[in-house]
2 protein chains.
Amino acid sequence: MIRILLADDQHLVREALAALLGLEPGIEVAGQVGRGDEVAAAVAATRPDVVLLDIEMPGGDGLTVAAGLTGVRVIILTTFGRPGYLRRAMDAGVAGYVVKDARAGELADAIRRVHAGERVFDRKLAAASLSEGANPLTGRERDVLRAATEGGTIADIARRLYLSDGTVRNYLSSAIGKLGARNRAEAARAAEAKGWL
Amino acid sequence: MIRILLADDQHLVREALAALLGLEPGIEVAGQVGRGDEVAAAVAATRPDVVLLDIEMPGGDGLTVAAGLTGVRVIILTTFGRPGYLRRAMDAGVAGYVVKDARAGELADAIRRVHAGERVFDRKLAAASLSEGANPLTGRERDVLRAATEGGTIADIARRLYLSDGTVRNYLSSAIGKLGARNRAEAARAAEAKGWL
DNA sequence: GCGCGGACCTGACGAATGTCATGGGCTGGG
DNA sequence: CCCAGCCCATGACATTCGTCAGGTCCGCGC
(Lines give C-alpha, C1' and ligand atoms only; values in the text may rest on other atoms or scores of the structure.)
Protein backbone atom coordinates (compact mmCIF):
# COMPACT_ATOMS: atom_id res chain seq x y z
CA MET A 1 0.00 0.00 0.00
CA ILE A 2 1.45 3.35 -1.06
CA ARG A 3 0.51 6.03 1.44
CA ILE A 4 -0.15 9.51 0.07
CA LEU A 5 -0.26 12.95 1.66
CA LEU A 6 -2.25 15.50 -0.34
CA ALA A 7 -1.51 19.23 -0.16
CA ASP A 8 -3.79 21.55 -2.12
CA ASP A 9 -5.50 24.71 -1.01
CA GLN A 10 -8.82 24.00 -2.67
CA HIS A 11 -10.83 21.82 -0.40
CA LEU A 12 -13.07 20.37 -3.07
CA VAL A 13 -10.17 19.55 -5.37
CA ARG A 14 -8.35 17.91 -2.51
CA GLU A 15 -11.26 15.73 -1.56
CA ALA A 16 -11.93 14.92 -5.17
CA LEU A 17 -8.34 13.83 -5.70
CA ALA A 18 -8.58 11.75 -2.55
CA ALA A 19 -11.69 10.07 -3.93
CA LEU A 20 -9.97 9.45 -7.24
CA LEU A 21 -6.82 7.99 -5.70
CA GLY A 22 -8.92 5.95 -3.32
CA LEU A 23 -10.21 4.04 -6.32
CA GLU A 24 -6.70 3.07 -7.37
CA PRO A 25 -5.56 -0.33 -6.12
CA GLY A 26 -2.49 -0.16 -3.93
CA ILE A 27 -2.82 3.55 -3.21
CA GLU A 28 -4.19 5.01 -0.02
CA VAL A 29 -4.61 8.64 1.04
CA ALA A 30 -3.09 8.98 4.48
CA GLY A 31 -3.76 12.68 5.02
CA GLN A 32 -4.68 16.03 3.55
CA VAL A 33 -3.58 19.59 4.24
CA GLY A 34 -4.56 22.93 2.73
CA ARG A 35 -1.58 25.13 3.54
CA GLY A 36 2.10 25.03 2.75
CA ASP A 37 3.15 25.50 6.35
CA GLU A 38 1.14 22.49 7.52
CA VAL A 39 2.91 20.04 5.25
CA ALA A 40 5.97 19.36 7.39
CA ALA A 41 3.94 18.56 10.49
CA ALA A 42 1.58 16.35 8.51
CA VAL A 43 4.51 14.45 7.04
CA ALA A 44 5.89 13.87 10.53
CA ALA A 45 2.50 12.74 11.81
CA THR A 46 1.36 10.50 8.99
CA ARG A 47 4.66 9.27 7.55
CA PRO A 48 3.47 9.01 3.95
CA ASP A 49 5.45 7.38 1.15
CA VAL A 50 4.68 10.13 -1.36
CA VAL A 51 3.57 13.75 -0.95
CA LEU A 52 1.48 15.42 -3.66
CA LEU A 53 2.16 19.14 -3.47
CA ASP A 54 0.32 21.97 -5.19
CA ILE A 55 2.47 25.03 -5.92
CA GLU A 56 0.22 27.96 -5.16
CA MET A 57 -0.95 27.66 -1.57
CA PRO A 58 -1.30 30.02 1.36
CA GLY A 59 1.44 29.64 3.93
CA GLY A 60 4.33 28.92 1.61
CA ASP A 61 4.46 27.70 -1.97
CA GLY A 62 4.98 24.09 -2.83
CA LEU A 63 8.43 24.55 -4.34
CA THR A 64 9.80 26.07 -1.16
CA VAL A 65 8.07 23.49 0.99
CA ALA A 66 9.46 20.68 -1.16
CA ALA A 67 13.00 21.96 -0.70
CA GLY A 68 12.62 21.61 3.05
CA LEU A 69 11.25 18.06 3.12
CA THR A 70 13.47 15.08 3.73
CA GLY A 71 12.73 11.40 3.91
CA VAL A 72 9.70 11.54 1.60
CA ARG A 73 9.35 11.51 -2.13
CA VAL A 74 7.57 14.55 -3.50
CA ILE A 75 5.45 14.99 -6.60
CA ILE A 76 4.46 18.50 -7.64
CA LEU A 77 0.88 18.50 -8.87
CA THR A 78 -0.16 21.85 -10.25
CA THR A 79 -2.23 23.75 -12.75
CA PHE A 80 0.74 25.64 -14.00
CA GLY A 81 2.74 24.19 -16.83
CA ARG A 82 5.51 26.74 -16.61
CA PRO A 83 8.97 25.65 -17.64
CA GLY A 84 10.59 27.71 -14.90
CA TYR A 85 8.55 25.95 -12.27
CA LEU A 86 9.75 22.58 -13.50
CA ARG A 87 13.33 23.72 -13.25
CA ARG A 88 12.86 25.05 -9.77
CA ALA A 89 11.12 21.85 -8.78
CA MET A 90 14.07 19.80 -9.98
CA ASP A 91 16.43 22.08 -8.08
CA ALA A 92 14.31 21.48 -5.00
CA GLY A 93 14.90 17.77 -5.41
CA VAL A 94 11.38 16.63 -6.14
CA ALA A 95 10.80 13.22 -7.69
CA GLY A 96 7.99 14.14 -10.05
CA TYR A 97 6.04 16.92 -11.73
CA VAL A 98 2.51 16.34 -13.01
CA VAL A 99 0.13 18.98 -14.37
CA LYS A 100 -3.52 19.03 -13.43
CA ASP A 101 -4.75 18.31 -16.87
CA ALA A 102 -3.00 15.00 -17.07
CA ARG A 103 -5.20 11.90 -17.17
CA ALA A 104 -6.09 10.11 -13.95
CA GLY A 105 -4.09 7.07 -15.02
CA GLU A 106 -0.98 9.18 -15.52
CA LEU A 107 -1.10 10.45 -11.96
CA ALA A 108 -1.47 6.99 -10.50
CA ASP A 109 1.30 5.77 -12.75
CA ALA A 110 3.55 8.62 -11.67
CA ILE A 111 2.87 7.83 -8.03
CA ARG A 112 3.77 4.17 -8.48
CA ARG A 113 6.93 4.94 -10.40
CA VAL A 114 8.07 7.56 -7.95
CA HIS A 115 7.43 5.16 -5.13
CA ALA A 116 9.54 2.61 -6.95
CA GLY A 117 12.42 5.08 -7.09
CA GLU A 118 12.01 6.58 -10.55
CA ARG A 119 11.67 10.25 -11.31
CA VAL A 120 8.72 11.31 -13.45
CA PHE A 121 8.45 14.66 -15.20
CA ASP A 122 5.87 16.00 -17.62
CA ARG A 123 7.29 15.47 -21.10
CA LYS A 124 6.11 18.66 -22.72
CA LEU A 125 7.35 20.78 -19.87
CA ALA A 126 10.71 19.08 -19.84
CA ALA A 127 11.10 19.83 -23.54
CA ALA A 128 10.02 23.43 -23.12
CA SER A 129 12.38 23.83 -20.20
CA LEU A 130 15.30 22.63 -22.26
CA SER A 131 14.52 24.71 -25.31
CA GLU A 132 14.02 27.90 -23.35
CA GLY A 133 17.12 27.72 -21.29
CA ALA A 134 17.55 29.22 -17.88
CA ASN A 135 16.02 32.26 -16.32
CA PRO A 136 17.94 35.27 -17.69
CA LEU A 137 16.91 37.62 -14.90
CA THR A 138 19.20 38.49 -12.03
CA GLY A 139 17.86 38.20 -8.52
CA ARG A 140 17.26 41.86 -8.18
CA GLU A 141 15.54 42.14 -11.52
CA ARG A 142 13.19 39.39 -10.39
CA ASP A 143 12.44 41.22 -7.16
CA VAL A 144 11.66 44.45 -8.93
CA LEU A 145 9.55 42.80 -11.58
CA ARG A 146 7.62 40.87 -8.97
CA ALA A 147 6.91 44.09 -7.11
CA ALA A 148 5.88 45.73 -10.37
CA THR A 149 3.15 43.15 -10.98
CA GLU A 150 1.45 44.46 -7.85
CA GLY A 151 0.63 47.51 -9.91
CA GLY A 152 2.26 50.38 -8.03
CA THR A 153 4.33 53.23 -9.43
CA ILE A 154 8.10 53.18 -9.59
CA ALA A 155 8.25 55.22 -6.43
CA ASP A 156 6.12 52.61 -4.65
CA ILE A 157 8.41 49.81 -5.74
CA ALA A 158 11.45 51.78 -4.68
CA ARG A 159 10.00 52.33 -1.24
CA ARG A 160 8.95 48.73 -0.84
CA LEU A 161 12.40 47.45 -1.75
CA TYR A 162 14.39 50.27 -0.11
CA LEU A 163 15.94 51.33 -3.40
CA SER A 164 16.19 54.64 -5.19
CA ASP A 165 13.76 55.42 -8.00
CA GLY A 166 16.55 55.44 -10.55
CA THR A 167 17.73 51.98 -9.57
CA VAL A 168 14.26 50.57 -9.91
CA ARG A 169 13.94 52.17 -13.31
CA ASN A 170 17.21 50.62 -14.37
CA TYR A 171 16.29 47.11 -13.24
CA LEU A 172 12.97 47.35 -14.94
CA SER A 173 14.57 48.63 -18.10
CA SER A 174 17.05 45.80 -18.08
CA ALA A 175 14.38 43.19 -17.43
CA ILE A 176 12.24 44.64 -20.21
CA GLY A 177 15.18 44.36 -22.55
CA LYS A 178 16.01 40.77 -21.62
CA LEU A 179 12.43 39.66 -22.05
CA GLY A 180 11.89 41.41 -25.35
CA ALA A 181 9.01 43.40 -23.90
CA ARG A 182 7.97 46.98 -24.48
CA ASN A 183 7.01 48.00 -20.96
CA ARG A 184 6.84 46.44 -17.52
CA ALA A 185 3.33 45.11 -17.90
CA GLU A 186 4.45 43.09 -20.89
CA ALA A 187 7.66 42.07 -19.15
CA ALA A 188 5.79 40.93 -16.07
CA ARG A 189 3.39 38.87 -18.13
CA ALA A 190 6.20 37.25 -20.08
CA ALA A 191 8.18 36.38 -16.95
CA GLU A 192 5.11 35.00 -15.23
CA ALA A 193 4.17 32.84 -18.17
CA LYS A 194 7.54 31.13 -18.08
CA GLY A 195 7.60 30.70 -14.33
CA TRP A 196 10.52 33.05 -13.93
CA LEU A 197 8.83 35.20 -11.43
CA MET B 1 -30.74 9.33 -9.76
CA ILE B 2 -29.54 12.86 -10.51
CA ARG B 3 -27.55 12.89 -13.73
CA ILE B 4 -24.62 15.31 -13.92
CA LEU B 5 -22.60 16.75 -16.79
CA LEU B 6 -19.15 17.97 -15.78
CA ALA B 7 -17.37 20.76 -17.67
CA ASP B 8 -13.86 21.64 -16.56
CA ASP B 9 -10.74 22.11 -18.64
CA GLN B 10 -8.41 20.27 -16.29
CA HIS B 11 -8.65 16.60 -17.03
CA LEU B 12 -7.44 15.42 -13.67
CA VAL B 13 -9.76 17.72 -11.74
CA ARG B 14 -12.67 16.60 -13.88
CA GLU B 15 -12.00 12.93 -13.30
CA ALA B 16 -11.40 13.56 -9.63
CA LEU B 17 -14.72 15.36 -9.30
CA ALA B 18 -16.39 12.53 -11.15
CA ALA B 19 -14.88 10.07 -8.68
CA LEU B 20 -16.02 12.19 -5.77
CA LEU B 21 -19.57 12.60 -7.03
CA GLY B 22 -19.70 8.92 -7.92
CA LEU B 23 -19.42 8.17 -4.21
CA GLU B 24 -22.51 10.23 -3.44
CA PRO B 25 -25.72 8.23 -3.29
CA GLY B 26 -28.32 9.35 -5.80
CA ILE B 27 -25.82 11.19 -7.99
CA GLU B 28 -24.40 9.89 -11.21
CA VAL B 29 -21.96 11.49 -13.66
CA ALA B 30 -23.46 11.20 -17.12
CA GLY B 31 -20.71 12.91 -19.07
CA GLN B 32 -17.62 15.10 -19.06
CA VAL B 33 -16.31 17.79 -21.38
CA GLY B 34 -13.21 19.97 -21.33
CA ARG B 35 -14.20 22.91 -23.50
CA GLY B 36 -16.90 25.53 -23.37
CA ASP B 37 -17.98 24.94 -26.94
CA GLU B 38 -18.58 21.24 -26.34
CA VAL B 39 -21.09 21.76 -23.57
CA ALA B 40 -24.18 22.38 -25.68
CA ALA B 41 -23.67 19.22 -27.74
CA ALA B 42 -22.98 17.15 -24.65
CA VAL B 43 -26.15 18.44 -23.01
CA ALA B 44 -28.13 17.46 -26.08
CA ALA B 45 -26.50 14.03 -26.16
CA THR B 46 -26.61 13.05 -22.50
CA ARG B 47 -29.66 15.00 -21.26
CA PRO B 48 -28.30 15.63 -17.75
CA ASP B 49 -30.36 17.03 -14.91
CA VAL B 50 -27.63 19.38 -13.74
CA VAL B 51 -24.55 20.83 -15.45
CA LEU B 52 -21.46 21.74 -13.43
CA LEU B 53 -19.64 24.49 -15.31
CA ASP B 54 -16.18 25.86 -14.70
CA ILE B 55 -15.73 29.49 -15.75
CA GLU B 56 -12.30 29.61 -17.32
CA MET B 57 -12.20 27.13 -20.17
CA PRO B 58 -10.93 27.16 -23.72
CA GLY B 59 -13.68 27.54 -26.29
CA GLY B 60 -15.93 29.92 -24.40
CA ASP B 61 -16.19 30.77 -20.74
CA GLY B 62 -18.74 29.16 -18.48
CA LEU B 63 -20.80 32.30 -17.94
CA THR B 64 -21.39 32.78 -21.64
CA VAL B 65 -22.08 29.09 -22.14
CA ALA B 66 -24.55 29.11 -19.25
CA ALA B 67 -26.50 31.98 -20.80
CA GLY B 68 -27.04 29.90 -23.91
CA LEU B 69 -28.27 26.72 -22.21
CA THR B 70 -31.96 25.96 -21.84
CA GLY B 71 -33.76 23.04 -20.29
CA VAL B 72 -31.01 22.21 -17.80
CA ARG B 73 -30.15 23.57 -14.42
CA VAL B 74 -26.64 24.98 -14.22
CA ILE B 75 -24.25 25.25 -11.30
CA ILE B 76 -21.09 27.32 -11.73
CA LEU B 77 -18.18 25.58 -10.03
CA THR B 78 -15.04 27.66 -10.09
CA THR B 79 -11.85 28.63 -8.36
CA PHE B 80 -12.68 32.28 -8.56
CA GLY B 81 -14.64 33.83 -5.77
CA ARG B 82 -15.15 37.13 -7.53
CA PRO B 83 -18.29 39.05 -6.72
CA GLY B 84 -18.68 40.23 -10.30
CA TYR B 85 -18.69 36.66 -11.54
CA LEU B 86 -21.52 35.79 -9.19
CA ARG B 87 -23.55 38.68 -10.48
CA ARG B 88 -22.93 37.76 -14.08
CA ALA B 89 -23.81 34.17 -13.28
CA MET B 90 -27.14 35.24 -11.83
CA ASP B 91 -27.78 37.38 -14.89
CA ALA B 92 -27.07 34.34 -17.01
CA GLY B 93 -29.81 32.51 -15.15
CA VAL B 94 -27.73 29.87 -13.41
CA ALA B 95 -29.21 27.98 -10.48
CA GLY B 96 -26.13 27.79 -8.31
CA TYR B 97 -22.60 29.08 -7.69
CA VAL B 98 -20.10 27.01 -5.71
CA VAL B 99 -16.41 27.79 -5.24
CA LYS B 100 -13.78 25.09 -5.47
CA ASP B 101 -12.72 25.35 -1.91
CA ALA B 102 -16.13 24.40 -0.61
CA ARG B 103 -16.42 21.07 1.17
CA ALA B 104 -17.41 17.97 -0.76
CA GLY B 105 -20.65 17.76 1.17
CA GLU B 106 -21.58 21.29 0.18
CA LEU B 107 -21.28 20.50 -3.49
CA ALA B 108 -23.45 17.40 -3.23
CA ASP B 109 -25.93 19.37 -1.18
CA ALA B 110 -26.00 22.16 -3.75
CA ILE B 111 -26.61 19.65 -6.52
CA ARG B 112 -29.51 18.07 -4.68
CA ARG B 113 -31.11 21.40 -3.85
CA VAL B 114 -30.71 22.74 -7.33
CA HIS B 115 -32.21 19.58 -8.70
CA ALA B 116 -35.12 20.07 -6.33
CA GLY B 117 -35.71 23.53 -7.76
CA GLU B 118 -33.87 25.72 -5.28
CA ARG B 119 -31.15 28.20 -6.12
CA VAL B 120 -27.89 27.93 -4.19
CA PHE B 121 -25.26 30.66 -4.03
CA ASP B 122 -22.07 30.90 -2.04
CA ARG B 123 -22.89 32.96 1.05
CA LYS B 124 -19.68 34.95 1.30
CA LEU B 125 -19.77 35.87 -2.34
CA ALA B 126 -23.39 36.89 -2.18
CA ALA B 127 -22.59 39.21 0.70
CA ALA B 128 -19.56 40.66 -1.08
CA SER B 129 -21.58 41.15 -4.21
CA LEU B 130 -24.22 43.12 -2.33
CA SER B 131 -21.77 45.26 -0.43
CA GLU B 132 -19.74 46.15 -3.47
CA GLY B 133 -22.58 47.09 -5.73
CA ALA B 134 -22.56 46.80 -9.46
CA ASN B 135 -19.74 47.09 -11.94
CA PRO B 136 -19.12 50.83 -12.36
CA LEU B 137 -17.36 50.47 -15.71
CA THR B 138 -19.08 51.19 -19.00
CA GLY B 139 -18.81 48.65 -21.78
CA ARG B 140 -16.09 50.50 -23.59
CA GLU B 141 -14.08 51.09 -20.46
CA ARG B 142 -14.16 47.35 -19.86
CA ASP B 143 -12.99 46.65 -23.41
CA VAL B 144 -10.10 49.04 -23.13
CA LEU B 145 -9.03 47.78 -19.73
CA ARG B 146 -9.20 44.21 -20.90
CA ALA B 147 -7.01 45.08 -23.87
CA ALA B 148 -4.64 46.90 -21.53
CA THR B 149 -4.04 43.77 -19.44
CA GLU B 150 -2.46 42.20 -22.51
CA GLY B 151 0.42 44.58 -21.93
CA GLY B 152 0.58 46.65 -25.11
CA THR B 153 0.97 50.38 -25.46
CA ILE B 154 -1.92 52.80 -25.88
CA ALA B 155 -1.32 52.85 -29.62
CA ASP B 156 -1.61 49.05 -29.70
CA ILE B 157 -4.88 49.12 -27.84
CA ALA B 158 -6.19 51.87 -30.09
CA ARG B 159 -5.35 49.86 -33.18
CA ARG B 160 -6.85 46.67 -31.80
CA LEU B 161 -10.12 48.40 -30.97
CA TYR B 162 -10.18 50.75 -33.97
CA LEU B 163 -10.15 53.82 -31.76
CA SER B 164 -8.00 56.91 -31.66
CA ASP B 165 -5.16 57.11 -29.15
CA GLY B 166 -6.82 59.95 -27.31
CA THR B 167 -10.02 58.03 -26.85
CA VAL B 168 -8.17 55.10 -25.37
CA ARG B 169 -6.37 57.42 -23.01
CA ASN B 170 -9.67 58.91 -21.93
CA TYR B 171 -11.31 55.56 -21.25
CA LEU B 172 -8.31 54.39 -19.32
CA SER B 173 -8.20 57.57 -17.32
CA SER B 174 -11.87 57.28 -16.51
CA ALA B 175 -11.54 53.62 -15.51
CA ILE B 176 -8.51 54.45 -13.37
CA GLY B 177 -10.54 57.12 -11.62
CA LYS B 178 -13.55 54.90 -11.01
CA LEU B 179 -11.43 52.13 -9.59
CA GLY B 180 -9.35 54.35 -7.34
CA ALA B 181 -6.17 53.21 -9.05
CA ARG B 182 -3.07 55.16 -9.95
CA ASN B 183 -2.29 53.66 -13.36
CA ARG B 184 -3.72 51.06 -15.68
CA ALA B 185 -1.81 48.17 -14.21
CA GLU B 186 -3.40 48.86 -10.83
CA ALA B 187 -6.77 49.46 -12.42
CA ALA B 188 -6.59 46.21 -14.35
CA ARG B 189 -5.70 44.26 -11.24
CA ALA B 190 -8.50 45.84 -9.25
CA ALA B 191 -11.08 45.15 -11.93
CA GLU B 192 -9.91 41.60 -12.38
CA ALA B 193 -10.02 40.88 -8.66
CA LYS B 194 -13.67 41.86 -8.53
CA GLY B 195 -14.62 39.97 -11.65
CA TRP B 196 -15.49 43.17 -13.52
CA LEU B 197 -13.26 42.40 -16.39
C1' DG C 1 45.53 41.39 -7.55
C1' DC C 2 43.11 42.04 -11.45
C1' DG C 3 39.15 41.65 -14.07
C1' DC C 4 34.43 40.77 -14.22
C1' DG C 5 29.77 40.92 -13.16
C1' DG C 6 26.22 42.14 -10.06
C1' DA C 7 24.18 45.50 -6.81
C1' DC C 8 23.46 50.24 -6.23
C1' DC C 9 23.28 55.04 -7.37
C1' DT C 10 22.90 59.84 -10.21
C1' DG C 11 21.31 62.84 -13.85
C1' DA C 12 19.33 63.92 -18.14
C1' DC C 13 16.32 63.38 -22.20
C1' DG C 14 12.58 61.94 -25.21
C1' DA C 15 8.58 59.19 -25.41
C1' DA C 16 4.52 57.40 -23.35
C1' DT C 17 0.98 58.09 -20.06
C1' DG C 18 -2.69 60.32 -17.24
C1' DT C 19 -5.59 64.51 -16.71
C1' DC C 20 -8.55 68.02 -18.17
C1' DA C 21 -11.58 70.85 -21.01
C1' DT C 22 -14.46 70.62 -24.79
C1' DG C 23 -17.44 69.13 -28.32
C1' DG C 24 -20.22 66.20 -31.45
C1' DG C 25 -23.51 62.10 -32.39
C1' DC C 26 -26.63 58.60 -30.81
C1' DT C 27 -30.08 56.30 -27.72
C1' DG C 28 -33.56 55.56 -24.22
C1' DG C 29 -36.59 57.44 -20.57
C1' DG C 30 -39.52 60.84 -18.63
C1' DC D 1 -38.96 67.01 -26.88
C1' DC D 2 -35.22 67.29 -23.86
C1' DC D 3 -32.04 65.37 -20.84
C1' DA D 4 -28.78 62.02 -19.23
C1' DG D 5 -25.51 58.79 -20.27
C1' DC D 6 -22.52 56.49 -23.31
C1' DC D 7 -19.48 56.63 -27.28
C1' DC D 8 -15.93 58.89 -29.93
C1' DA D 9 -12.83 62.43 -30.82
C1' DT D 10 -9.27 66.56 -30.41
C1' DG D 11 -5.65 69.18 -28.28
C1' DA D 12 -2.90 70.88 -24.46
C1' DC D 13 -0.52 69.95 -20.29
C1' DA D 14 2.15 67.90 -16.34
C1' DT D 15 3.76 63.68 -14.80
C1' DT D 16 5.66 59.31 -15.16
C1' DC D 17 8.31 55.93 -17.76
C1' DG D 18 11.97 53.83 -20.35
C1' DT D 19 16.64 54.58 -22.00
C1' DC D 20 21.23 55.92 -21.83
C1' DA D 21 25.67 57.23 -20.07
C1' DG D 22 28.05 57.50 -16.62
C1' DG D 23 29.96 56.22 -11.63
C1' DT D 24 31.06 53.56 -6.80
C1' DC D 25 31.23 49.48 -4.13
C1' DC D 26 31.76 44.42 -3.32
C1' DG D 27 32.65 39.35 -3.92
C1' DC D 28 34.51 35.78 -6.82
C1' DG D 29 37.54 33.18 -9.87
C1' DC D 30 41.75 32.84 -12.21
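The chains referred to below are lettered A, B, ... by the order of the sequence lines, with proteins before strands, and numbering in each begins at 1.
For I157(A) and dC8(C), the CD1 to C1' distance is 16 Å, given to the nearest whole Å. As rounded to whole Å, 10 Å separates atom P of dC9(C) from atom CG of D165(A). Distance, Y162(A) OH to dC9(C) P: 13 Å, rounded to whole Å. Summarising the geometry, the separation between OH on Y171(A) and P on dC20(D) is reported as 18 Å, rounded to the nearest angstrom. Counting to the nearest Å, the P atom of dG5(C) and the NZ atom of K178(A) are 12 Å from each other. In this structure, CD of E186(B) is placed 13 Å from P of dT16(D), rounded to the nearest angstrom. Remark: P of dC7(D) and CG of L137(B) are 11 Å apart, rounded to the nearest angstrom. In this entry the distance linking CD of E141(B) with P of dG18(C) reads 14 Å, nearest Å.
If you check dT19(C), dC9(C), dG6(C) against the side chain of L163(A), the one that comes closest is dC9(C). The nucleotide whose nearest atom lies closest to any side-chain atom of L172(A) is, among dG18(D), dA7(C), dC6(D), dG18(D). Listed nucleotides dG18(C), dA9(D), dC8(C) differ in distance to R140(A); the shortest reach to its side chain belongs to dC8(C).
A191(A) approaches L145(A) most closely through the heavy-atom pair CB-CD2, 3.8 Å.
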Shorter than 3.5 Å, N or O on both sides, protein versus nucleotides 11-17 of chain C: list them out with atom names.
unit_1, atom_1, unit_2, atom_2, d
dA12(C), N6, R169(A), NH2, 3.3
dT17(C), OP1, R184(B), NH2, 2.4
dT17(C), OP2, I154(B), N, 3.1
dT17(C), O5', R184(B), NH2, 3.2

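At the phosphate of dC9(C), OP1 or OP2 sits under 4.0 Å from a side-chain N or O atom of T167(A). Contact between the side-chain N/O atoms of S173(B) and the OP1/OP2 oxygens of dT19(C) is found at a separation under 4.0 Å.
Counting non-hydrogen atoms under 4.0 angstrom, G177(A) reaches nothing in the nucleic acid.
Side-chain atoms of V43(B) and L5(B), non-hydrogen and from C-beta on, do get closer than 4.5 Å to each other. Contact annotation: the side chain of R112(B) approaches that of E24(B) to within less than 4.5 Å [non-hydrogen atoms, C-beta and beyond]. Residues Q32(A) and H11(A) have side chains not in contact (no heavy-atom distance under 4.5 Å, counting atoms from C-beta outward).
Counted by atom type alone, T167(A) and N170(A) present zero donor-acceptor pairs between their side chains at under 3.5 Å. Remark: the E141(B) side chain and the S174(B) side chain contain an N/O donor-acceptor pair separated by less than 3.5 Å.
Under the side-chain contact (heavy atoms from CB on, under 4.5 Å) rule, L53(A) has a single partner from L77(A), L63(A), V33(A), I76(A), which is I76(A).
Mapping A181(A) and S164(B) onto DNA chain D via the closest heavy atom, the residue that lands nearer the 5' end is S164(B).
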